[in-house]
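To keep things clear, I will list the structure first and then write my remarks on it.
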Amino acid sequence: MMEPDLEPTPPATIVGVATGRPDGGVAIVRLSGPAARTIAAAMLTGELPEPRVAALRRLVLGERALVLDMPGPRSFTGEDVVELHVHGGERNVGQVVEAALAAGASPAGPGDFTRRAFEHGRLSLDQAEGIAAIIGAQTQGALDQARRLVAGELGRAVEAVHGRLRLLRVEVEANLDFPEDVSAADEARFAETAASLRVELEGWLARFEGGRRARERARVVLAGPPNAGKSSLFNALLGRSRALVSPTAGTTRDFVEAELELERSVALVDTAGLREASEDAIELAGVALGQDQLAGADVVIWLEGADQPALAESERQRWLEGADTATVIPALAKADLDSPRVVAGWLSLSAHTGAGLDDLRRALADAVRPGEQWIGLARHRQCAAEAVEALGEVEAQLREGLGLELVAFSLAVAQTRLGAITGHTGLGPVGEEVLHAIFSSFCIGK
């Protein structure tokens, strides 16, 4: 009877374009895996250059390339890596990739290179997510935070807390067989340490929203009844005519969005006037779109006309129900009119004269200022929140005298949840489902 082959299958050697658009001046075709050097050698008319020394070589297909050979484990992926720096152009780059595939390489999928770097210990999972965040950054704040992730700032903070948590768990587990030797003072000390760790993690969570605001472009939505002057104010804030202005109610049928520079860039959104007493189906659709914008707003400028009857507070609050997490700045437009309505605590504005616009800009800048920031992303927040919950259970179990076995179990849960931020829990690497969700969002070649 033939014995089964128990030798592990070596990983495939992958190839992908590591640069952006293939029609740029130069493109980098990257190989990574156990056969990277063999495949690259088969593509050249001469020998590979010395390791880590870039040298000009001619490819079999006639293209000239600057070749860089980086044997593992001292490479980005931790495997043998060869890079071919070739002329740009979609057809040219495509033929180089096809030559690598014909020589035995497999096409790289999204994030495959970075995933191999994680699996070989060259990057922690939070650093890998930082690379994806750099690529996807749309604001300077997002880019700054992503660079800090790649530099390992979050990972170092996690490892510091994780180390203290591990020591507490070791001490508790060491006493499982001798619970009679554990005094009330020992249990109080365990609880105090768990509480200290919980408070530190809660500090991270408290700063998450500030970090999110710094990463994302805040959405400032102009909302209010028809003919309040929203479109005129929209144009005045931008300093140009961007939205159609008319004295006819219901002119704005869709939302209009533009970039507004304050202390940092925000998205300013003009919406249709909010009212229900309309038989115009298109206007009602515009009202619905405006409500959708309110639901996604960070700041709402609630605008009413100083020449209009006061809207009932109950009706105003009903329109603002969907913007329950937004900062609301109430304002009255058309302050340049004779005998305008004035409301205490509301800004008085005139798009025509510019009165009050500087006050509004200052209020907006204050409202979108991020405050204290934590660079953790949404997945990191979820992991930290689960660790906080487990540490809270530790405190309750010690307080109620439920036994060290339960305490040790809850500490293990907290350690596992916290370790998932960097990709290595107390039980080993995070699961395939988590890794797939993260790396599938990368572009091919990264």
Side-chain angles (χ1 to χ4, degrees), residues 138-142 209 212-246 248-276 278 280 282-305 308 311 315-334 346-347 349-352 354 356-370:
Q138 298 295 313
T139 68
Q140 186 61 45
E209 185 60 22
R212 183 195 68 80
R213 284 190 171 225
R215 289 191 296 272
E216 299 176 5
R217 181 177 283 112
R219 296 188 68 78
V220 178
V221 176
L222 279 158
N227 269 7
K230 295 184 297 299
S231 295
S232 295
L233 178 60
F234 181 82
N235 290 337
L237 286 171
L238 295 175
R240 67 183 192 277
S241 294
R242 176 69 175 80
L244 183 65
V245 176
S246 168
T248 304
T251 298
T252 303
R253 302 298 184 94
D254 198 352
F255 68 89
V256 182
E257 182 175 329
E259 186 174 331
L260 173 65
E261 288 294 335
L262 299 168
E263 291 178 356
R264 61 194 187 98
S265 174
V266 303
L268 182 65
V269 184
D270 183 26
T271 60
L274 298 173
R275 65 173 178 176
E276 293 179 344
S278 173
D280 188 331
I282 297 179
E283 182 185 353
L284 289 176
V287 170
L289 288 173
Q291 289 181 285
D292 290 341
Q293 290 301 308
L294 281 172
D298 295 294
V299 182
V300 175
I301 303 174
W302 179 263
L303 195 68
E304 297 180 18
Q308 296 177 316
L311 203 65
E315 184 176 357
R316 185 181 303 118
Q317 292 304 319
R318 181 168 57 80
W319 286 116
L320 289 170
E321 280 181 0
D324 54 341
T325 62
T327 299
V328 178
I329 300 175
L332 288 169
K334 308 178 186 179
W346 287 42
L347 294 176
L349 311 172
S350 171
H352 179 65
L357 293 190
D358 287 342
D359 291 334
L360 176 58
R361 287 191 179 94
R362 281 191 289 270
L364 286 173
D366 289 341
V368 301
R369 195 171 290 122

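Small disclaimer: the values here were computed from a predicted structure and weren't measured. We number each residue from 1, following the sequence as shown.
We find the OG-CG distance between Ser350 and Leu332 to be 12.0 Å, quoted to the nearest 0.5 Å. Within the model, atoms CG of Leu360 and CD1 of Ile301 stand 4.5 Å from one another, a figure rounded to the nearest 0.5 Å. The NZ atom of Lys230 sits 12.5 Å away from atom CG of Asn235, with the distance rounded to the nearest 0.5 Å. Between the CG atom in Asp359 and the CG atom in Leu349 there is a gap of 8.0 Å [rounded to 0.5 Å]. Distance check, rounded to the nearest 0.5 Å: CD of Glu315 to CH2 of Trp319 gives 7.0 Å. Distance CG/Asn227 to CD/Glu304: 13.0 Å, rounded to 0.5 Å.
The shortest non-hydrogen separation linking Asp298 to Arg212 is OD1-NH2, 3.1 Å. When all heavy atoms of Pro225 and Gln308 are compared, the closest pair comes out as CG-OE1, 3.8 Å. Between Ala228 and Ala333, the shortest heavy-atom distance links the atoms O-CB, 3.2 Å. Counting all heavy atoms, side chain and backbone alike, Ala365 lies closest to Leu262 at N-CD1, 4.2 Å. Nearest heavy-atom pair across Val299 and Ala326 is N-CB, 4.2 Å. A pairwise comparison of heavy atoms in Leu268 and Phe234 identifies O-CE1, 3.3 Å as the closest pair.
Judged purely by distance below 3.5 Å, without hydrogens or angles, the side chains of Arg217 and Thr139 never pair a donor atom with an acceptor atom.
Asp270 has its side chain out of reach of Leu233: every pair of non-hydrogen atoms, C-beta onward, lies at least 4.5 Å apart. With contacts defined as side-chain heavy-atom distances shorter than 4.5 Å, the pair Pro330/Arg316 does not qualify.
Panel note: side chain Arg219, backbone Val269; no donor-acceptor pair is recorded below 3.5 Å. Looking only at distances, no side-chain donor or acceptor of Arg369 sits under 3.5 Å from a matching main-chain atom of Glu263.
The stretch residues 320-334 participates, sequence neighbours left out, in these salt bridge (charged side-chain N to carboxylate O under 4.0 Å, His left out) pairs: Asp307-Lys334.
In the displayed structure, Gln317 atom CD is contacted under 6.0 Å by more than 12 heavy atoms of other residues, nucleotides or ligands.
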